[in-house]
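Comments concern the structure below.
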Amino acid sequence: MTSGHSWEEERLRAFQTGLSQWYQASGRDLPWRRTSDPYRIWISEIMLQQTTVAAVIPYFERFMNEFPDIQSLANADEQDVLKLWEGLGYYSRARNIHKAANVIIGQFHGVIPSDPAELEQFPGVGRYTAGAIASFAFDRKAPIVEANTLRLYCRLMGYDGDPRSSAGQKQLWQFAEHVLPDNSPGDFNQAMMELGATICSPAEPDCEECPVCACCRSFHDGTQAEIPKLAKRPKVTPLIEATVAIFRDGKVLLWQNQPGEWWSGLWGFPRFTAPWKSELPDQPGAALPIRVNNRLEKTILQKTGLAVETPSFMKLIRHSVTRYRIALYCFTAEFEAGEVDCNGRPTQWVSPEELSGQPLSMTARKLAEIVATESFNP
DNA sequence: GTCCAGGACC
DNA sequence: GGTCCTGGAC
């Protein structure tokens, strides 16, 4: 295994030219590629972290309509930023861009810096995102390594080690720097990502269409299926949870998720580990076994301070969060007695119509829709 | 239904 | 090295 990877000048030129011609002919026209506005580039790059292009596009358009510049974002309430982020996931990204916007307004006179090292100081901006903003918006010669380029670089180098190891990371960043041209490094980086995303795909890359297959070690060796080495999947833990929409005088109780919890900063219906051991039959409207019902009522009292009338089972939602596979049992219930006490957690009573204005997780949103429909047409 | 993709930060 | 989230492909 080689410790460094370097190409001769001639090969480098051929690679850069082939890639650039291919990108000009075949690159997708994406909303954030029509601009060099660092604000738009920055927001798009944050949205694109851990998120696919197709999912990002409508969010990006809405976000830019609502917050067209960094000042409007800094002025906004965090809750309104989270509301625009609803459904995109990884909500710390939304809290971080709001925080960073205020730092840029307060300490950088509203000007996004062009230096990758400075960019990396902002919350939510790591080495990749700093390089992306610096190169795309300012055409600075900053290398990038993210999922698409990681796969592409590993194959170009024929790197069969673990790309997540420190040795692998060192190789990748070194390679990214090595191939980066002086002219239009931003376009070059975009082209690399585009090639990784479209041609050099994880399964069955379309090597016949690749403009640089002549430079590709993995293509030469026929090792595309083994490179890059895939990460081991963490083992999945099943969870059974319950959530309840409690009604009082036509309003429903929400609590706010706290730092360190899932969906921190967003609102939701009281939600907790289900007080039973195995999955229940999935029959909306069906009466719960009496003992299960009693335990549920007792848990609701513990978590909210409220006694409720017999909870009614509405829906089973199956979803996943990181390594957890969750069966979420959704209930509605009518308030009977008590004072709201959710262990110091912020709470509010809202009408079903007001639910649409609250930032909720996707699962809370699903129950909110059921709740709004039921209360409109019970 | 299950599997997979997708960076920052602790 | 573990945690954050969702949607789309299969």
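So you know, we letter chains A, B, ... as the sequences are listed, proteins then strands, and number each from 1. Remember, it's a predicted structure, so these values are computed and weren't measured experimentally.
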* **Interatomic distance where CG belongs to N257(A) and P belongs to dC4(C) [whole Å]** => 12 Å
* Asked: DNA chain B: V125(A) or T52(A), which has the more 5' nearest nucleotide?
  -> T52(A)
* So does W85(A) get a side-chain nitrogen or oxygen closer than 4.0 Å to the phosphate oxygens (OP1/OP2) of dT6(C)? -> no
* Would you kindly give the OH-to-C1' distance between Y59(A) and dC5(C), to the nearest whole Å? => 11 Å
* Asked: Would R295(A) count as a cation-pi partner of W276(A), with NZ or CZ less than 6.0 Å from the six-membered ring centre and within 45° of the ring normal?
  -> no
Can you list, pair by pair, the side-chain donor-acceptor contacts under 3.5 Å of residues 183-191 of chain A, counting residues two or more places apart and other chains?
unit_1, atom_1, unit_2, atom_2, d
N189(A), ND2, S135(A), OG, 3.1
N189(A), ND2, A142(A), O, 2.9
Q190(A), OE1, R33(A), NE, 3.0
Q190(A), OE1, R33(A), NH2, 3.3

* dG7(B) P sits how many Å from E45(A) CD, rounded? -> 9 Å
* To do: Could you check which residues of residues 126-147 of chain A get a heavy atom under 4.0 Å from DNA chain B? Sort them by number, please.
  => G126(A), R127(A), Y128(A), T129(A), E146(A), A147(A)
* **For atom CZ of R164(A) and atom P of dA5(B), their distance in whole Å** => 10 Å
* Just to confirm, is there a sub-4.0 Å distance from OP1 or OP2 of dG2(C) to any side-chain nitrogen or oxygen of R323(A)? -> no
* Asked: Taking only residues two or more places apart in sequence, or in another chain, which ones meet D162(A) in a side chain to side chain donor-acceptor pair (under 3.5 Å)?
  -> R164(A)
* Structure fact -> Closest to the side chain of N148(A), out of dG6(B), dT3(C), dT6(C), is dG6(B)
* To do: State, without any angle test, whether Q348(A) and Q358(A) hold a side-chain donor-acceptor pair at a distance under 3.5 Å.
  => yes
* **Interface residues of residues 86-107 of chain A with DNA chain C (non-hydrogen, below 4.0 angstrom)** => G87(A), G89(A), Y90(A), Y91(A)
* To do: Determine the contact category for P123(A): base if any of its heavy atoms lies under 4.0 Å from a base atom, sugar-phosphate if only primed atoms, P, OP1 or OP2 are that close, otherwise nothing.
  => sugar-phosphate
* Asked: Do any pairs count as a side-chain hydrogen bond (donor to acceptor under 3.5 Å, both in side chains) and have a residue in residues 51-74 of chain A, sequence neighbours left out, and if so which ones?
  -> T51(A)-R93(A), D69(A)-S72(A), Q71(A)-N75(A)
* Once you round to the nearest 0.5 Å, how far does OH of Y153(A) lie from CD of Q174(A)? -> 13.0 Å
* Sequence neighbours left out, what passes side chain to side chain donor-acceptor pair (under 3.5 Å) with T237(A)? Give chain and number order. => R323(A)
* Structure fact -> Winner on side-chain proximity to Y324(A), out of dT6(C), dG1(B), dT3(C), is dT3(C)
* Rounded distance in Å - CE (M47(A)) to P (dG7(C)) -> 14 Å
* **Side chain N96(A), main chain S92(A), donor-acceptor under 3.5 Å** => yes
* For the side chain of R325(A), starting at C-beta, report the closest nucleotide among dT2(B), dT3(C), dT6(C). => dT2(B)
* Structure fact -> In whole angstroms, the gap separating C1' of dC5(C) from CH2 of W263(A) amounts to 8 Å
* Atom pair distance, as rounded to whole Å: CG in L150(A) and C1' in dG7(B) -> 11 Å
* **Side chains of S166(A) and Q169(A), donor plus acceptor under 3.5 Å** => no
* Structure fact -> Out of dA8(B), dA5(B), dT6(C), minimum distance to the side chain of Q49(A) belongs to dA8(B)
* To do: Could you tell me the separation between the CD atom of E204(A) and the C1' atom of dC4(B), rounded to a whole number of Å?
  => 15 Å
* To do: Please determine if R40(A) forms a cation-pi arrangement with W32(A), meaning its NZ or CZ atom is less than 6.0 Å from the six-membered ring centre and no more than 45° off the ring axis.
  => no
